[in-house]
Enquirer: 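The structure that follows is given in the form of structure tokens.
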Amino acid sequence: MKIIYNEAKQEVILDQVSDFDITQTLTCGQCFRWHEMGRHLFRGVVFGRVIDVEQLDDHTVIFYRVDRPFFEAHLVDYFDFGTDYRVIKEDLIERDDAVKQAIAHGGGIRILNQEPFELLLSFIISGNNNIPRIAKSIEAVASAYGSLIETIDGKAYYSFPTPDQLETVTVEDYRQLGVGYRDKYLRDAVETILEGRIDLDRLLTADYKLLKETLMLIKGVGSKIADCVILFAFKNKSAFPVDTWVKKIIRTYYSEELTKNEDILKFASEHFGVHAGVAQQYLFYYARKIKL
DNA sequence: CACCAGGTAATTC
DNA sequence: GAATTACATGGT
């Protein structure tokens, strides 16, 4: 991948990008704070900044409002540019025809490496919820308690709040934002972290089992949400979140015997191996696309 | 007006 | 232990 920095214009141009479709990647349900501003053009808030990303063709991507230090410190890792998805897809395509078909439809998806605290709260909100309302609730939390970054075209953009910024926020405050019964879960997550019972930074080096059982100490975090956090924020591509869509696709294309979430997780882990989480995203995207 | 949405915790058998 | 139910809210 070739990188061209235009410091004067605060632009970063990527050439020879492969296995990347910005629309698939940013609309496949793994992230909630990107907005489509135009064809193949998105604006989002990440790492305390508002940035724009545009894909010109299969191999060319431009970042706006981004300088070299920011790109190198955050975006290379965020978009997982260090990972060769061709290798992962070749591995998965060998496994079965269903995932092969899913890759034919969503092979441009990359797993974003997102900020752990924001991702944790985002997926606590996601439970038994729909994606538009998840996004709305996250924006409500950010604009109420995050820091104002800048105003663009009359619209204010806020960073996602830190645990410290949420220290005095009560269950009732969360409820007022419209998050519903997840209010107490959000409060529990913040308290757990502020009291040091869970240190997200330290968990970066923990193995899957320890990481999952630690995350599940938080009220409102069960197996599925823990796996989402592990996959989308802890760079572990073997995590396989079992949600309603994946359940449907497993029953339809793999086995009708697999009904319990625990059994599906066990099957998928063995069947897909170390890249199970990537397979999950391809399957999730495909199932939703064909309205399975 | 039921039913659903990237589930989980509490309750019950 | 394995199955059932309640849970906020907004959209069909």
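In what follows, every heavy atom counts, from backbone to side chain, and hydrogens, waters and symmetry copies are set aside. Source: prediction; values computed, not measured. Every chain is numbered from 1 and lettered A, B, ... according to where its sequence line falls, protein lines coming before strand lines.
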Enquirer: Distance check, C1' atoms only: B/dA5 and C/dA3, in whole angstrom units.
Expert: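 Nearest-Å result for B/dA5 against C/dA3 at atom C1': 22 Å.
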
Enquirer: Among A/Tyr64, A/Phe70, A/Phe71, which residue meets the side chain to side chain contact (heavy atoms under 4.5 Å, CB included) test with A/Val12?
Expert: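 Answer to the side chain to side chain contact (heavy atoms under 4.5 Å, CB included) test with A/Val12 among A/Tyr64, A/Phe70, A/Phe71: A/Phe71.
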
Enquirer: Any cation-pi pair here, A/Lys184 with A/Tyr181, using under 6.0 Å and within 45°?
Expert: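 The answer is no; the distance or angle limit is not met.
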
Enquirer: Regarding A/Glu262, tell me which of base, sugar-phosphate or nothing describes its non-hydrogen contacts under 4.0 Å with the strands shown.
Expert: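 Since no nucleic acid heavy atom lies under 4.0 Å of A/Glu262, the category is nothing.
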
Enquirer: Look at all strands and tell whether A/Tyr285 reaches a base, only sugar-phosphate, or nothing, counting heavy atoms closer than 4.0 Å.
Expert: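 Counting heavy atoms under 4.0 Å across all strands, no contact is made by A/Tyr285.
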
Enquirer: For A/Ser223, answer base if it contacts any base atom (sugar-phosphate contacts may also be present), sugar-phosphate if it contacts only those atoms, and nothing otherwise; contact means non-hydrogen atoms under 4.0 Å.
Expert: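 Since only primed, P, OP1 and OP2 atoms lie under 4.0 Å of A/Ser223, the category is sugar-phosphate.
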
Enquirer: In whole Å, I'd like the distance from the CG atom of A/Asn129 to the P atom of C/dG10.
Expert: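 After rounding, the reported distance stands at 10 Å.
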
Enquirer: Indicate the atoms forming the closest heavy-atom contact of A/Thr168 with A/Asp173, along with that distance.
Expert: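 Taking every non-hydrogen atom into account, O-OD2, 4.0 Å.
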
Enquirer: Quick one: A/Asn261 CG to C/dA2 P, roughly how many Å, whole number?
Expert: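 Between P of C/dA2 and CG of A/Asn261: 13 Å.
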
Enquirer: Side-chain donor or acceptor of A/Tyr181 under 3.5 Å from a matching atom on the base of B/dG7?
Expert: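 Donor-acceptor pair under 3.5 Å: yes.
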
Enquirer: How would you label the contact of A/Tyr185 with the nucleic acid (heavy atoms, under 4.0 Å): base, sugar-phosphate, or nothing?
Expert: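 The answer is sugar-phosphate, as A/Tyr185 gets under 4.0 Å only of primed atoms, P, OP1 or OP2.
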
Enquirer: Among the candidates B/dG7, C/dG10, C/dA8, find the nucleotide nearest to the side-chain atoms of A/Lys136.
Expert: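 Nearest listed nucleotide: C/dG10.
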
Enquirer: Expressed in angstrom and rounded to an integer, what is the separation of A/Asn128 atom CG from C/dG10 atom P?
Expert: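 Rounding to the nearest Å, CG of A/Asn128 and P of C/dG10 are 14 Å apart.
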
Enquirer: Can you check the A/Lys184 NZ to C/dC7 P distance for me, whole Å?
Expert: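 Going from A/Lys184 (NZ) to C/dC7 (P), I get 9 Å.
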
Enquirer: Could you tell me the separation between the CG atom of A/Leu186 and the C1' atom of C/dC7, rounded to a whole number of Å?
Expert: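 Distance check: A/Leu186 CG to C/dC7 C1' gives 14 Å.
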
Enquirer: Can you tell me how far C1' of B/dC4 sits from CD1 of A/Ile134, to the nearest Å?
Expert: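 Going from A/Ile134 (CD1) to B/dC4 (C1'), I get 13 Å.
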
Enquirer: Determine the Euclidean distance between corresponding P atoms of B/dA10 and C/dA8; express it in Å to zero decimal places.
Expert: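 To the nearest whole Å, 13 Å.
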
Enquirer: Does a side-chain heavy-atom distance below 4.5 Å link A/Ile103 with A/Ile93?
Expert: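 Touching, per the 4.5 Å side-chain cut-off.
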
Enquirer: Between A/Cys228 and A/Met216, which residue's closest nucleotide on DNA chain B lies nearer the 5′ terminus?
Expert: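 Closer to the 5' end of DNA chain B: A/Cys228.
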
Enquirer: Using a strict cut-off of less than 4.0 Å between a Lys/Arg side-chain nitrogen and an Asp/Glu carboxylate oxygen, indicate whether A/Arg43 and A/Asp52 qualify as a salt bridge.
Expert: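 Yes, A/Arg43 and A/Asp52 are salt-bridged.
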
Enquirer: Base, sugar-phosphate, or nothing for A/Gly220, non-hydrogen atoms under 4.0 angstrom?
Expert: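 Sugar-phosphate contact only - A/Gly220 comes under 4.0 Å of backbone atoms but never of a base.
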
Enquirer: Determine the contact category for A/Val242: base if any of its heavy atoms lies under 4.0 Å from a base atom, sugar-phosphate if only primed atoms, P, OP1 or OP2 are that close, otherwise nothing.
Expert: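 Touches nothing.
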
Enquirer: Distance check: side-chain N/O of A/Thr244 vs OP1/OP2 of B/dG7, anything under 4.0 Å?
Expert: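 So the side-chain polar atoms of A/Thr244 do come within 4.0 Å of the phosphate oxygens OP1 or OP2 of B/dG7, strictly under.
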
Enquirer: How long is the line joining CG of A/Asn130 and C1' of B/dC3, in whole Å?
Expert: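 Rounded to the whole Å, the gap is 13 Å.
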
Enquirer: Within this structure, what is the CH2-to-C1' distance between A/Trp245 and B/dG7, rounded to whole angstrom?
Expert: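 It is 16 Å, rounded to the nearest whole Å.
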
Enquirer: Pick the closest DNA chain B nucleotide for A/Ile218 and for A/Gln30 by heavy atoms, then say which residue is nearer the 5' end.
Expert: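 Of the two residues, A/Gln30 wins.
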
Enquirer: Quick one, A/Phe234 with A/Tyr208, criterion ring pair (Phe, Tyr, Trp, His ring centres under 6.0 Å). Give me CA distance, side-chain angles, the key distance, then yes/no.
Expert: CA-CA 10 Å; A/Phe234 284 85; A/Tyr208 173 78; over 10 Å; no

Enquirer: If the cut-off is 4.0 Å, is A/Arg182 near the phosphate of C/dA8, judged by side-chain N/O to OP1 or OP2?
Expert: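 It does not, given that no N or O in the side chain of A/Arg182 lies less than 4.0 Å from OP1 or OP2 of C/dA8.
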
